[in-house]
Chemist: 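This is the structure I want to talk about, given as structure tokens.
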Amino acid sequence: MNHLIAPSLLSADFLNLEKDIEMVNASVADWFHLDIMDGMFVPNISFGFPVMEKIAKKAKKPLDVHLMIVDPDRYIERFKKTGAYFISVHYEACDHLHRTVLAIRDLGAKAGVVLNPHTPVHLLEDIIRDVDMILIMSVNPGFGGQKFIEHSIPKIEQLKALITATKSPALIEVDGGVDLENAPRLLKVGADVLVAGNTIFSSPDPAETIRKLKNI
Ligand code: DX5
Ligand code: ZN
């Protein structure tokens, strides 16, 4: 499979969101990555449904929703209704992860599970066959523009081995500090989807940066 690029709108210009959405629409990006933070699970608050509704109206590509919220079960139906294609929940935020993943799929969305940097891959052994994607956090979640954690590379290798051994259909997504230097290494060890915020939106030509990430 050719890898996918999911620009994170967290680093977009919120005063000119429409312009940045149109840029992503016209680019070779595959998805929009939307970071939802509640100020509880992570020490930051991003945006919620009123903003996501507007994004969904303009976006011409699937919405990849990354929930950094406690007890995400409360809101998955509303995220699906607001246009989510993928709904990814944190392993660390779910007491009944299997139930949550099945509920996301029952709604007709794709289900992703996210691992924080401190959470080991082997904890996925009993859920890996039931998910559509695993998101490896390569920074501690909460903010854009942080430094990539190198240990994410062996984690992706371990995850790829687990997916192969279990014949799981899960994609591997990587999120946090992804740039043009580490992207080839991430793809080499098995990443399927690269999220990038700062690397894209703080570059002089964001569409060209997306193209460079896509053409690796
Ligand atoms: C961090 C978010 C990321 C973030 C990535 O908590 O999950 O999606 O926007 O931003 P960069 O690519 O700047 O690290
Ligand atoms: Zn994210």
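Sequence positions, counted from 1, serve as the residue numbers for this chain. Note that ligands are numbered from 1 as they come in the structure, with each ligand's atoms numbered from 1 the same way. The model shown is predicted, which means the values in this text are computed figures rather than measured ones.
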Chemist: If you look at Asp175, which of its N/O/S atoms is nearest to the Zn ion (ligand 2)?
Modeler: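 Going by distance to the Zn ion (ligand 2), the closest N, O or S atom in Asp175 is OD2.
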Chemist: Counting each atom of ligand 1 from 1 as listed, which ones have a heavy atom of Gly177 under 4.0 Å away?
Modeler: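 Result: 11 (P), 12 (O), 14 (O).
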Chemist: Looking at every heavy atom in both Met37 and Asn44, which two are closest together, and how far apart are they?
Modeler: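 The answer is CB-O, 3.2 Å.
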Chemist: Can you tell me the N, O or S atom of His66 that's nearest the Zn ion (ligand 2)?
Modeler: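 Going by distance to the Zn ion (ligand 2), the closest N, O or S atom in His66 is ND1.
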Chemist: Between ligand 1 and Gly142, is the shortest N or O to N or O distance under 3.5 Å?
Modeler: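 N/O-N/O distance below 3.5 Å exists for this pair.
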Chemist: So that I can tick it off, tell me whether Lys214 and Asp30 are bridged by a salt bridge, with the cut-off set at under 4.0 angstrom between side-chain N and carboxylate O.
Modeler: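 Judged by the 4.0 Å cut-off on N to carboxylate O distance, Asp30 and Lys214 do form a salt bridge.
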Chemist: Just to be sure I read this right, does ligand 1 sit under 4.0 Å from the backbone of Asn198, its side chain, both, or neither, counting only heavy atoms?
Modeler: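 For Asn198, the contact with ligand 1 is made by both the backbone and the side chain.
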Chemist: OD1 (Asp35) to the Zn ion (ligand 2) to NE2 (His33): angle, nearest 10 degrees?
Modeler: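 Taking the Zn ion (ligand 2) as the apex, the two atoms subtend 90°.
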Chemist: Is it true that Arg99 and Asp73 make a salt bridge, defined as a side-chain N closer than 4.0 Å to a carboxylate O?
Modeler: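 Looking at Arg99 and Asp73, the cut-off is not met.
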Chemist: Please could you name the atoms of ligand 1 that Leu10 approaches to less than 4.0 Å, counting only its heavy atoms?
Modeler: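 Near Leu10, meaning under 4.0 Å from one of its heavy atoms, ligand 1 has 9 (O).
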Chemist: Could you list the atoms of ligand 1 found under 4.0 angstrom from a heavy atom of His33?
Modeler: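 Near His33, meaning under 4.0 Å from one of its heavy atoms, ligand 1 has 8 (O).
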Chemist: Run the numbers for me: atoms of ligand 1, each under 4.0 Å from some heavy atom of Ala196, listed by number.
Modeler: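 Reading through ligand 1 atom by atom, the close ones are 12 (O).
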Chemist: Counting each atom of ligand 1 from 1 as listed, which ones have a heavy atom of Asp175 under 4.0 Å away?
Modeler: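 Counting atoms of ligand 1 from 1, those under 4.0 Å from Asp175 are 2 (C), 3 (C), 4 (C), 5 (C), 7 (O), 8 (O).
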Chemist: Please report the closest heavy-atom contact between Lys155 and Pro117, naming both atoms and the distance.
Modeler: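 Shortest heavy-atom contact: NZ-O, 3.1 Å.
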Chemist: Any nitrogen or oxygen of Gly145, side chain or backbone, less than 3.5 Å from one on ligand 1?
Modeler: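 So ligand 1 has an N or O lying under 3.5 Å from an N or O of Gly145.
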Chemist: Checking a contact table here: which protein heavy atom is nearest atom 12 (O) of ligand 1, and how many Å away?
Modeler: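 The closest one turns out to be Gly197 N, 2.8 Å.
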Chemist: Would you say the side chain of Glu92 lies within less than 4.5 Å of the side chain of Phe41, judging by non-hydrogen atoms?
Modeler: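 The answer is yes; the side chains approach within 4.5 Å.
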Chemist: List the closest protein heavy-atom neighbour of atom 2 (C) of ligand 1: residue, atom name, distance to the nearest 0.1 Å.
Modeler: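 So the nearest neighbour among protein heavy atoms is Asp35 OD1, 3.4 Å.
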Chemist: Does any N/O atom on Gly144 come nearer than 3.5 Å to any N/O atom on ligand 1?
Modeler: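 There is no such contact.
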Chemist: Should you measure from each heavy atom of Met68, which atoms of ligand 1 turn up under 4.0 Å away?
Modeler: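 The atoms of ligand 1 under 4.0 Å from a heavy atom of Met68 are 6 (O), 7 (O).
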Chemist: Are there more than 12 heavy atoms of other residues, nucleotides or ligands under 6.0 Å from atom CG of Asn215?
Modeler: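 More than 12 within 6.0 Å, yes.
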Chemist: Write down the atom of Met52, the atom of Phe47, and the distance for their closest heavy-atom approach.
Modeler: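 Minimum heavy-atom contact is N-CD1, 4.5 Å.
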Chemist: Any N or O of Ser8 that comes nearer than 3.5 Å to an N or O of ligand 1?
Modeler: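 Among all N and O atoms of Ser8, at least one is under 3.5 Å from an N or O of ligand 1.
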Chemist: Numbering the atoms of ligand 1 from 1, which are under 4.0 Å from a heavy atom of Phe143?
Modeler: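 By the 4.0 Å cutoff, the relevant atoms are 1 (C), 6 (O).
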Chemist: Can you list every salt bridge (charged side-chain N to carboxylate O under 4.0 Å, His left out) pair that touches residues 44-66, not counting sequence neighbours?
Modeler: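 The answer is Glu18-Lys58.
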Chemist: Please identify which atoms of ligand 1 are closer than 4.0 Å to at least one heavy atom of Pro141.
Modeler: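 Close to Pro141: 6 (O).
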Chemist: Taking N or O atoms only and a 3.5 Å limit, does Gly176 qualify as a polar contact for ligand 1?
Modeler: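 Between Gly176 and ligand 1 (N or O atoms, distance only) the closest approach is not under 3.5 Å.
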Chemist: Please lay out, stage by stage, how Ser46 and Asp35 fare under the test side-chain hydrogen bond (donor to acceptor under 3.5 Å, both in side chains).
Modeler: CA-CA 7 Å; Ser46 55; Asp35 291 297; over 6 Å; no
Chemist: If the test is side chain to side chain contact (heavy atoms under 4.5 Å, CB included), which one of Ile172, Ile156, Leu124 qualifies with Ile134?
Modeler: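 Option passing the side chain to side chain contact (heavy atoms under 4.5 Å, CB included) with Ile134: Leu124.
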Chemist: Can you tell me if Thr199 contacts ligand 1 (heavy atom of the residue under 4.0 Å from the ligand)?
Modeler: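 The answer is no, since Thr199 has no heavy atom less than 4.0 Å from ligand 1.
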Chemist: Would you please test Ser203 and Thr209 for side-chain hydrogen bond (donor to acceptor under 3.5 Å, both in side chains) and show each step?
Modeler: CA-CA 7 Å; Ser203 70; Thr209 304; 2.7 Å; yes
Chemist: State plainly whether the residues Glu157 and Lys160 are in salt-bridge range, i.e. N to O under 4.0 Å.
Modeler: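 Here Glu157 does not pair with Lys160 in a salt bridge, since their nearest N and O are not under 4.0 Å apart.
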